[in-house]
Peer 1: 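Could you have a look at this structure, given as structure tokens, before my questions?
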There are 2 protein chains.
Amino acid sequence: MSPTSKPAQVHYAYQQIAGEIEAQILRGDLKPGDQLPGETELANMFGVTRSTLREGLRQLESDGLVHRPTPRRLEVTVPQAGQMATRSSRAMALMRVTFRELSQVTVMTEPLAARLAAAHGTDDEIEQLQVLHAALVAAEGDMARTIDLDEQFHTRIAEMGRNRVLGLAREPIALLLFRGFTQIVPFAPKFYNRQIEAHSNVLGALRDRDADRAEKWARMHIEDFWRGAQLAGLEDEIALNPRALS
Amino acid sequence: MSPTSKPAQVHYAYQQIAGEIEAQILRGDLKPGDQLPGETELANMFGVTRSTLREGLRQLESDGLVHRPTPRRLEVTVPQAGQMATRSSRAMALMRVTFRELSQVTVMTEPLAARLAAAHGTDDEIEQLQVLHAALVAAEGDMARTIDLDEQFHTRIAEMGRNRVLGLAREPIALLLFRGFTQIVPFAPKFYNRQIEAHSNVLGALRDRDADRAEKWARMHIEDFWRGAQLAGLEDEIALNPRALS
DNA sequence: AGTATCATACTGTCGGACAGTGGAACCAGT
DNA sequence: ACTGGTTCCACTGTCCGACAGTATGATACT
């Protein structure tokens, strides 16, 4: 019953191949960076045609367990965070999750990220964050760029926390939530400036290595975002039209 | 630069096919439940061979955007939470995340889940949770079963919160963390009983619809887990050997 | 009408083939 | 001997054609 142990009927050859290689990776027989044999050879090893083998490979590729730096080289790899985030965002968008759902989670993740960043971020990273913030301020008016930089700002903080689990968990969520910016700003003119201010305060707290203050301002930042959504009457609205993710 | 808008070089035919169908789904031209034409017809539509088309389909399948209820029927679907969780867990296991990383996040997610459950769970769900808890108590000694039920208990609470975003975010994490149970119990004999007790208290709070108390006990529950890991000296140990996920 | 049978169409897999190309071996020049 | 360029080969992406097994819908039967 456990979601991780379901040796369900995987009778199809291409699934068996994907499963077998996956098992070898998880078992450690194949380590990230290892190069796999050519398709013909692999096909022989598994006793199938190249066509069948390729279908299996496509699946592994899509799972992020192998990838091709160049068409000629097929190597084992650990799933990339960005790839996982995209998949997750897409899933949530298709589920038509609401601003409420996103906010409820983000109001926990971002403050945690800020707290961890205060503890583990390097001076250099804080400096870079300052630069990013300056760019964000300078981008006033350009909505697309603002959203992009805003997302980067938050992600950068999360990275500073040295917690990859948090990184994986929050990225797809933040990705969706911050896109909602566009829908909120028109309803709350002052909103934009308050966001900038909050960023400044988080930045300041990080510089002082004040975890509590960083956490507090991050929380206020998100709560403010949520209030903006409420003002705009978007609480239970779909956060993002899936088509925006194309 | 945005992770969602990368029309990178997708020159390969099978990638274009996957991309095109994916776009149609995100755009809403294809809705979950819709049935797709046969492979031959699709291949003609895209002007490629069936072999090539199939490679594209395998990718979509693996992404969870389409699936085959029966080999004959190929239909559009929204990615299943369980599938995403498995992928995520696997990625984290391969990244060799530590107990520390998992705990830091879980100590936020589970209390939030408990709080939301107190607010939105139905009486019926609380009853079912009681049954599950009873089974958990009865399973004393059977480690594998205990872990399985424990994970179910937490997941059930998360579902009661009616927040799909939280569900997606916490599932893969909880999946990994609770498996660590095995490594902790030997070091902390009393640990097991305290976990049961905590569950009881959360359950009681839910029954009283006391969100604060539910949240508090959930937090204590996780913090206790974390202390157990510390007692066992596992703070920075790999939470789960990837091979356990095969 | 409900059930059983049959025919058809479609999937999973196979085998072979070919153009384009990236890498490696090989050769030449200094 | 080492570097730089050329050639050749292996390998990928794609195509074509084929076949067994089977699920699905159509047909026939009770």
Side-chain angles (χ1 to χ4, degrees), chain A residues 6-25 30 32-77 79-80 83, chain B residues 6-25 30-77 80 83:
Chain A
K6 41 180 175 192
Q9 66 282 38
V10 275
H11 35 241
Y12 296 129
Y14 71 93
Q15 287 175 349
Q16 283 180 4
I17 289 169
E20 174 58 27
I21 297 183
E22 172 183 333
Q24 285 186 30
I25 294 176
L30 288 171
D34 285 1
Q35 181 171 2
L36 274 69
E39 295 183 351
T40 339
E41 190 173 339
L42 278 174
N44 289 336
M45 291 168 67
F46 287 105
V48 299
T49 323
R50 208 158 68 88
S51 324
T52 304
L53 175 98
R54 289 181 120 250
E55 294 189 29
L57 287 186
R58 289 289 98 79
Q59 195 162 321
L60 288 171
E61 229 171 277
S62 171
D63 284 358
L65 291 175
V66 306
H67 86 307
R68 299 188 188 269
T70 140
R72 284 304 177 76
R73 190 177 169 81
L74 177 66
E75 63 182 34
V76 177
T77 180
Q80 295 302 300
Q83 187 184 353
Chain B
K6 41 178 176 191
Q9 65 284 34
V10 276
H11 33 238
Y12 297 128
Y14 72 92
Q15 287 175 347
Q16 283 181 4
I17 289 169
E20 174 59 28
I21 296 184
E22 171 183 333
Q24 284 185 30
I25 294 176
L30 289 172
K31 278 174 282 293
D34 285 0
Q35 182 172 2
L36 273 68
E39 294 184 352
T40 340
E41 190 172 340
L42 278 174
N44 288 337
M45 291 169 66
F46 286 105
V48 299
T49 324
R50 208 158 67 90
S51 324
T52 304
L53 175 100
R54 288 180 120 252
E55 294 188 28
L57 287 186
R58 290 288 99 80
Q59 194 161 324
L60 288 170
E61 229 170 277
S62 169
D63 284 359
L65 291 176
V66 307
H67 85 306
R68 298 186 188 271
T70 139
R72 284 304 177 79
R73 189 178 169 82
L74 177 68
E75 63 181 34
V76 178
T77 179
Q80 295 302 303
Q83 187 184 353

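Below, read A as the first sequence line, B as the second, and so on, with proteins coming before strands; counting in each chain starts at 1.
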Peer 1: Is the backbone N or O of Asp63(A) less than 3.5 Å from a side-chain atom of Gln83(A), with the two atoms forming a donor-acceptor pair by type?
Peer 2: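 Answer holds: no.
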
Peer 1: In this structure, which one of Leu65(A), Ile21(A), Leu60(A), Leu36(A) forms a side-chain contact (heavy atoms from CB on, under 4.5 Å) with Val76(A)?
Peer 2: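 Option passing the side-chain contact (heavy atoms from CB on, under 4.5 Å) with Val76(A): Leu36(A).
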
Peer 1: Arg73(B) CZ to dT11(C) P: how many Å, rounded?
Peer 2: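 Whole-Å distance recorded here is 13 Å.
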
Peer 1: Within the 4.0 Å heavy-atom criterion, would you say Ser51(B) contacts the bases, only the backbone, or no part of the nucleic acid?
Peer 2: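 Base contact.
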
Peer 1: Using a 4.0 Å heavy-atom cut-off across all strands, classify Thr49(B) as base, sugar-phosphate, or nothing.
Peer 2: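 Base, at least one base heavy atom under 4.0 Å.
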
Peer 1: Looking at Thr49(A) and Ser51(A), would you say the former's side chain and the latter's main chain have a donor-acceptor pair under 3.5 Å?
Peer 2: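 Here the side-chain-to-backbone pair does not exist.
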
Peer 1: What distance do Arg68(A) atom CZ and Arg73(A) atom CZ have between them, rounded to the nearest 0.5 Å?
Peer 2: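 Answer for the CZ-CZ pair, Arg68(A) versus Arg73(A), is 12.0 Å.
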
Peer 1: Which whole-number value in Å describes the distance from Glu75(B) CD to dT11(C) P?
Peer 2: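 Going from Glu75(B) (CD) to dT11(C) (P), I get 14 Å.
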
Peer 1: Could you tell me how far apart Arg50(B) (CZ) and dC10(C) (C1') are, to the nearest whole angstrom?
Peer 2: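 Rounding to the nearest Å, CZ of Arg50(B) and C1' of dC10(C) are 8 Å apart.
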
Peer 1: For Gln80(B), I'd like to know if atom CD has over 12 heavy atoms of other residues, nucleotides or ligands within 6.0 Å.
Peer 2: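 No, because the 6.0 Å sphere around CD of Gln80(B) holds 12 heavy atoms or fewer from other groups.
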
Peer 1: What integer distance in Å separates Leu53(A):CG from dG16(C):P?
Peer 2: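 Nearest whole value for this atom pair: 16 Å.
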
Peer 1: Taking CG from Leu36(B) and C1' from dC10(C), how many angstroms apart are they, rounded to a whole number?
Peer 2: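 Taking atom C1' of dC10(C) as the reference, CG of Leu36(B) is at 14 Å.
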
Peer 1: Check every strand shown and say whether Arg68(B) touches a base, only sugar-phosphate, or nothing at a heavy-atom separation below 4.0 Å.
Peer 2: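 Since only primed, P, OP1 and OP2 atoms lie under 4.0 Å of Arg68(B), the category is sugar-phosphate.
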
Peer 1: Atom CD of Gln59(A) to atom P of dG12(C): distance rounded to whole Å?
Peer 2: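 Distance check: Gln59(A) CD to dG12(C) P gives 12 Å.
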
Peer 1: Find the distance Arg54(B):CZ to dT13(C):P and express it as a whole number of Å.
Peer 2: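 Distance, rounded to whole Å: 7 Å.
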
Peer 1: Just how far, in rounded Å, is C1' of dC14(C) from CG of Asn44(A)?
Peer 2: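 My rounded result for the distance is 13 Å.
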
Peer 1: Walk along DNA chain D from 5' to 3' and tell me the first and last nucleotide with an atom closer than 4.0 Å to a non-hydrogen atom of chain B.
Peer 2: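 Listing 5' to 3', DNA chain D meets chain B from dG13(D) to dT24(D).
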
Peer 1: Please check if the side chain of Glu55(B) supplies one atom and the backbone of Gln15(B) the other of a donor-acceptor pair under 3.5 Å.
Peer 2: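 It does not hold such a pair.
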
Peer 1: Name the residue closer to the 5' end of DNA chain C, choosing between Arg72(B) and Tyr14(A) according to the nucleotide with the nearest heavy atom.
Peer 2: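 Its nucleotide being nearer the 5' end, the pick is Arg72(B).
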
Peer 1: 5'-most contact on DNA chain D: Pro71(B) or Gly38(A), nearest heavy atom basis?
Peer 2: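 Nearest-nucleotide comparison on DNA chain D picks Gly38(A).
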
Peer 1: Would you check if Glu75(A) and Pro69(A) make a side-chain contact, meaning some heavy-atom pair closer than 4.5 Å?
Peer 2: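 Glu75(A) reaches Pro69(A) side chain to side chain.
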
